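These notes are about the structure you will find just below.
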Amino acid sequence: MNGNDLIQIGYQSGKPLGLALKAAKIARAAGTPSKAIKHTLTAVLSAPQDYLGDPIYGETAHALTAETITSPTYDLDHPAEFGIWGAAQIEPGALEQMRRAVRLPVAVRGALMPDAHPGYGLPIGGVLATENSVIPYAVGVDIACRMRLTVFGTSPFILDQRREKFRKAIEQNTRFGMGKEWPEHANHPVMDDPTWNQLGFLRALKDLAWRQLGTSGSGNHFVEFGALDVTTPIDQPNGEPIAPGSYLALLSHSGSRRLGMQIANRYTDIAMDRRSALPKDFVHLAWLDLAEEAGAEYWAAMNLAGRYASANHAVIHEKMVDTLGFPVLGVIENHHNFAWAESLDGRDVIVHRKGATPAGAGVLGVIPGSMSAPGFVVRGRGSVASLASASHGAGRRMSRSEANKRFEWETVKRALKAKGIEVISAGLDESPGVYKDIRQVMADQSDLVEVLAEFQPKLVKMDGGGGPHED
């Protein structure tokens, strides 16, 4: 443990910092683990009076007391405003989490999307604008989780004609589940990104991230082929418009894998240490000031995770395109679980979208349903009230444990087969019945996005083992 570590948990330069380093050295020599030392020094900083007689930490406690260093207090009694879409379908727990989030002193404005359900800190489907600060858990543990849709210049009827070809393409070019990786590194420029070398802990994660490049996680992550019915021309920023018609399409949903989780956990711990004076029920809303070193580090690491998540999808889709050999008309991609520097009413803010899709004016995105319900290609309307956001999916209406108790695979498979949908693998906790009615969700946010096309899944691959995941 060094001085920078202590500064990150709140110590200031001066005598207490020097004595804290001395105490850490003594504790280390006595065999105390570094994590325990850090925990104790954090506690000493928060309540020095409790450690005045401690043989190791007493001097530090006396110095802190002499300098009258106390924990800050926060004004949580002046909530910012937030709008709600689809209120009738949102459970009380998600509403309570949103009401708590807008009470933060750094909160500027919020919004709650119609697919909202409880998460950690900010609800999934929650949008929060803050002032010069970022909340790691308001971004989420799967940083930059995203959607990518590739539209092929061929009819979707080929799925039924050559089903085995598509099944093999998915099986051979995807890996699903926690810890899954490829034996050989995929090639992508993101692995040459200079940010990997700017922070030591990122350098340590680079090789694992490289091995996991081109893989998908557990939970609701998927890769699927289906039919895309375009009703309104899709004007692509960097390509020809996709005309109305029916097309074969490939849709994927996954994020930044272990890299994103490690970044989230590391900086959430730092944020919680820095905001230790927050009430217990606010602990997952601890923030980092972007003017602080830790805040700047998280921002750089988060953006690297965003580029990595995009590369992850690119590798999967490029493999599929090479395997199938069909012409590509276009690609649509968007992400959630991220924070953006934006302007709100002429004011610079950081907009967190945790399980929410960017929906700025003219911005394209994909909002999926479930393994049996349709997804939608949308164009944002730029609603200021929603912080230019929309839902990121249908949203869960029951927990994973409840789903495993309520549903049986044979019943689910029969219902899917009746709709012409084949599921190669998936967890029972992702059964269609666990999700809200996607058409109602889309109706509830018709003022936020315009629907351009509808995607119907036909061949679906997910992790068969389930597992922890925050959408």
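All of these numbers come straight from a predicted model, not from anything done at the bench.
- Atoms NE2 and CE, on His221 and Met462 in that order, are 8.5 Å from each other to the nearest 0.5 Å.
- No side-chain donor from either of Gln97 and Tyr120 sits under 3.5 Å from a side-chain acceptor of the other.
- Remark: Arg266 is positioned above the aromatic ring of Phe201, its terminal NZ or CZ atom under 6.0 angstrom from the ring centre and at most 45 degrees off the axis.
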- Message: Before you tell me yes or no, could you show the steps for Leu288 and Ile270 under side chain to side chain contact (heavy atoms under 4.5 Å, CB included), namely the whole-Å CA-CA distance, both residues' side-chain angles and the distance that decides it to 0.1 Å?
- Response: CA-CA 8 Å; Leu288 294 170; Ile270 294 173; 4.0 Å; yes
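- When each of Glu184, Glu181, His185 is tested with Arg211 by the rule side chain to side chain donor-acceptor pair (under 3.5 Å), just one qualifies, namely Glu181.
- The 12-atom threshold is not exceeded at CD of Glu240, counting heavy atoms of other residues, nucleotides or ligands nearer than 6.0 Å.
- Checking Arg307 against Thr195 by side-chain atom types alone, a donor-acceptor pair falls below 3.5 Å.
- Counting only N and O atoms by type, the side chains of Thr232 and Glu450 include no donor and acceptor under 3.5 Å apart.
- For the pair Trp287 (side chain) and Gly295 (backbone), a donor-acceptor distance under 3.5 Å is absent.
- Side-chain atoms of His317 and Ser252 form a donor-acceptor pair, as typed in the model, at a separation below 3.5 Å.
- Annotation: the span from Lys419 atom NZ to Met371 atom CE amounts to 11.5 Å, rounded to 0.5 Å.
- At least one donor-acceptor pair closer than 3.5 Å links the side chain of Asn337 to the backbone N or O of Asp142.
- Scanning all heavy atoms of the two residues, the minimum distance from Leu76 to Leu104 falls at CD2-CA, 4.2 Å.
- Taking 4.0 Å as the cut-off between side-chain N and carboxylate O, Arg396 and Glu430 count as a salt-bridged pair.
- When the options Val449, Val366, Val363 are evaluated for a side chain to side chain contact (heavy atoms under 4.5 Å, CB included) with Val378, the one that passes is Val449.
- Between Phe326 and Phe152, the ring planes lie perpendicular to each other; the angle is over 60°, past the 30° to 60° tilted range.
- A perpendicular orientation is assigned to the rings of Tyr298 and Tyr267, their planes being inclined by more than 60° (bins at 30° and 60°).
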- Task: Report the C-alpha distance between Leu248 and Ile158 in whole Å, list the side-chain angles of each, state the deciding distance to 0.1 Å, and finish with yes or no for side chain to side chain contact (heavy atoms under 4.5 Å, CB included).
- Result: CA-CA 8 Å; Leu248 171 71; Ile158 198 169; 4.1 Å; yes
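- More than 12 non-hydrogen atoms from other residues, nucleotides or ligands lie less than 6.0 angstrom from CG of Asp447.
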- Message: Show, in sequence, the C-alpha distance, side-chain angles and deciding distance for Arg347 and Glu131, and conclude whether the side chain to side chain contact (heavy atoms under 4.5 Å, CB included) test is met.
- Response: CA-CA 9 Å; Arg347 179 179 184 180; Glu131 184 174 11; 3.2 Å; yes
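- No more than 12 heavy-atom neighbours from other residues, nucleotides or ligands sit within 6.0 angstrom of CD on Glu408.
- Under a 3.5 Å cut-off, the side chain of Gln456 and the backbone N or O of Ser372 do form a donor-acceptor pair.
- Ring geometry, Trp340 versus His335: the interplanar angle falls from 30° to 60°, so the pair is classed tilted.
- Counting only distance, with no hydrogens or angles, the side chain of Arg381 and the backbone of Ser446 share a donor-acceptor pair below 3.5 Å.
- Formation of a donor-acceptor pair under 3.5 Å by the Arg257 side chain with backbone atoms of Leu208 is not found in this model.
- Residues Asp115 and Gly355 approach most closely at OD2-O, 3.8 Å, considering heavy atoms.
- Salt bridge annotation for Asp463-Lys180: absent, with no cationic side-chain nitrogen under 4.0 angstrom from a carboxylate oxygen.
- Counting non-hydrogen atoms of other residues, nucleotides and ligands closer than 6.0 Å to CD of Glu81 gives a total of 12 or fewer.
- Expressed to the nearest 0.5 Å, how far CG of Leu304 lies from CG of Leu199 amounts to 9.0 Å.
- Taking both residues in full, the closest heavy atoms of Pro136 and Val134 are given as CD-O, 3.5 Å, listed atom of the first, atom of the second, then distance.
- Panel note: side chain Trp182, backbone Gly214; a donor-acceptor pair is recorded below 3.5 Å.
- Residue Glu292 places its CD atom among more than 12 non-hydrogen atoms of other residues, nucleotides or ligands, all under 6.0 Å distant.
- Checked for salt-bridge contact, Glu333 and Arg148 meet the test: a charged N lies under 4.0 Å from a carboxylate O.
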- Message: Could you walk me through whether Ile438 and Ser370 satisfy the side chain to side chain contact (heavy atoms under 4.5 Å, CB included) test, starting with their C-alpha distance in whole Å, then the side-chain angles of each, then the deciding distance to 0.1 Å, before giving a yes or no?
- Response: CA-CA 8 Å; Ile438 184 63; Ser370 70; over 6 Å; no
